[in-house]
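All remarks here apply to the structure that follows.
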Amino acid sequence: MSEIAKTIGDRIRIYRVRAKITQMRLAEKSGVHHTYIGQLERGEKNATLETIEKVARALNLSLETLFEAIVDGNVDNTVSREIYDLVNAQPEKEQLALLELVKRAVEYKNI
């Protein structure tokens, strides 16, 4: 599986879970088969741009959001990007708690 397909699949899964919808519901909303959604999320399929657009619209996302930090066909795998994706997948209340935790860790380090 390609790195870009895996990254886009991970992002689709993150936003789907955040929207609290099943693969079946996302498939219905986007007009694709539910097994295809699973294959996309696992990075097993290289979807067409048209299919990615349908899925993004069903999730109320822009293509820009899904393809953010992908440069020249390569995924920017910085640590900060991984942290962003992990935190972004959490509900807002938990994001705020994680932010507070990080702030405290940085303050502790600077003492």
Side-chain angles (χ1 to χ4, degrees):
M1 91 181 93
S2 75
E3 188 64 29
I4 193 168
K6 184 176 178 336
T7 298
I8 296 301
D10 287 343
R11 291 178 184 179
I12 290 170
R13 180 182 37 75
I14 286 168
Y15 285 107
R16 177 184 59 77
V17 170
R18 189 171 189 191
K20 297 179 182 173
I21 61 173
T22 64
Q23 288 180 349
M24 184 74 78
R25 181 67 184 126
L26 178 57
E28 291 169 359
K29 289 179 71 172
S30 59
V32 300
H33 198 273
H34 67 93
T35 58
Y36 192 73
I37 295 293
Q39 292 169 328
L40 286 177
E41 288 184 359
R42 292 186 299 274
E44 296 171 354
K45 292 286 184 181
N46 281 321
T48 64
L49 285 174
E50 289 83 7
T51 301
I52 294 294
E53 181 182 29
K54 288 178 186 179
V55 172
R57 284 184 189 207
L59 291 169
N60 297 316
L61 295 174
S62 68
L63 289 176
E64 179 182 34
T65 300
L66 278 179
F67 287 92
E68 184 179 21
I70 298 174
V71 181
D72 298 330
N74 297 311
V75 178
D76 181 6
N77 283 325
T78 62
V79 172
S80 61
R81 181 72 212 175
E82 285 188 55
I83 292 169
Y84 172 82
D85 287 341
L86 287 170
V87 172
N88 195 39
Q90 304 305 312
E92 185 176 0
K93 183 177 178 181
E94 291 178 24
Q95 287 180 22
L96 292 170
L98 288 167
L99 175 61
E100 189 60 34
L101 184 64
V102 170
K103 285 180 179 179
R104 288 182 184 180
V106 170
E107 287 174 9
Y108 177 79
K109 180 188 152 260
N110 291 329
I111 292 178

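None of these values were measured; they are calculated from a predicted model. Residue indices begin at 1 and follow the sequence shown.
Annotation: side chain to side chain contact (heavy atoms under 4.5 Å, CB included) contacts of Leu61 (sequence neighbours excluded): Tyr15, Ala56, Leu59, Thr65, Leu66. Here Val17 pairs with Arg13 under the side chain to side chain contact (heavy atoms under 4.5 Å, CB included) rule; sequence neighbours left out. Every residue two or more places apart in sequence or in another chain that forms a side chain to side chain contact (heavy atoms under 4.5 Å, CB included) with Arg57 is listed here: Glu53. In this structure Thr22 satisfies the side chain to side chain contact (heavy atoms under 4.5 Å, CB included) test together with Met24, Arg25, sequence neighbours excluded. By the side chain to side chain donor-acceptor pair (under 3.5 Å) test, Ser30 is found to be paired with no residue, residues two or more places apart in sequence or in another chain being considered.
In terms of heavy atoms, Ala27 sits closest to His33 at CB-C, 3.8 Å. The nearest pair of heavy atoms linking Tyr36 to Lys45 is CE1-CG, 3.8 Å.
Here Thr51 contributes atom OG1 and Asn46 contributes atom CG; the two are 11.5 Å apart, rounded to the nearest 0.5 Å. A distance of 10.0 Å separates CD in Gln23 from CD in Gln39, rounded to the nearest 0.5 Å. Taking CD1 of Ile37 as the start and CD1 of Ile12 as the end, the distance is 6.5 Å to the nearest 0.5 Å. One distance of note links CD1 of Ile8 with CD1 of Ile52; it measures 6.5 Å at 0.5 Å rounding.
The hydrophobic cluster containing Leu26 does not contain Ile14, counting ILVMFWY residues as joined when their side-chain heavy atoms lie under 4.5 angstrom apart, directly or transitively.
For the pair Leu40 and Val32, the minimum side-chain heavy-atom distance is 4.5 Å or more.
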Stepwise side-chain contact (heavy atoms from CB on, under 4.5 Å) test for Lys29 and Val55: CA-CA 8 Å; Lys29 289 179 71 172; Val55 172; over 6 Å; no
Evaluation steps, salt bridge (charged side-chain N to carboxylate O under 4.0 Å, His left out), between Glu41 and Arg16: CA-CA 10 Å; Glu41 288 184 359; Arg16 177 184 59 77; 2.5 Å; yes
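A donor-acceptor pair is defined here as one N or O able to donate and one able to accept, closer than 3.5 Å; such a pair exists between the side chain of Thr7 and the backbone of Glu3. Arg11 places a side-chain N or O within donor-acceptor distance of the main-chain N or O of Glu68, the cut-off being under 3.5 Å.
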Distance-only criterion, 3.5 Å: show the donor-acceptor pairs between side-chain atoms of residues 98-106 and protein atoms not counting sequence neighbours.
{"from": "Glu100", "atom 1": "OE2", "to": "Arg104", "atom 2": "NE", "distance (Å)": "3.4"}

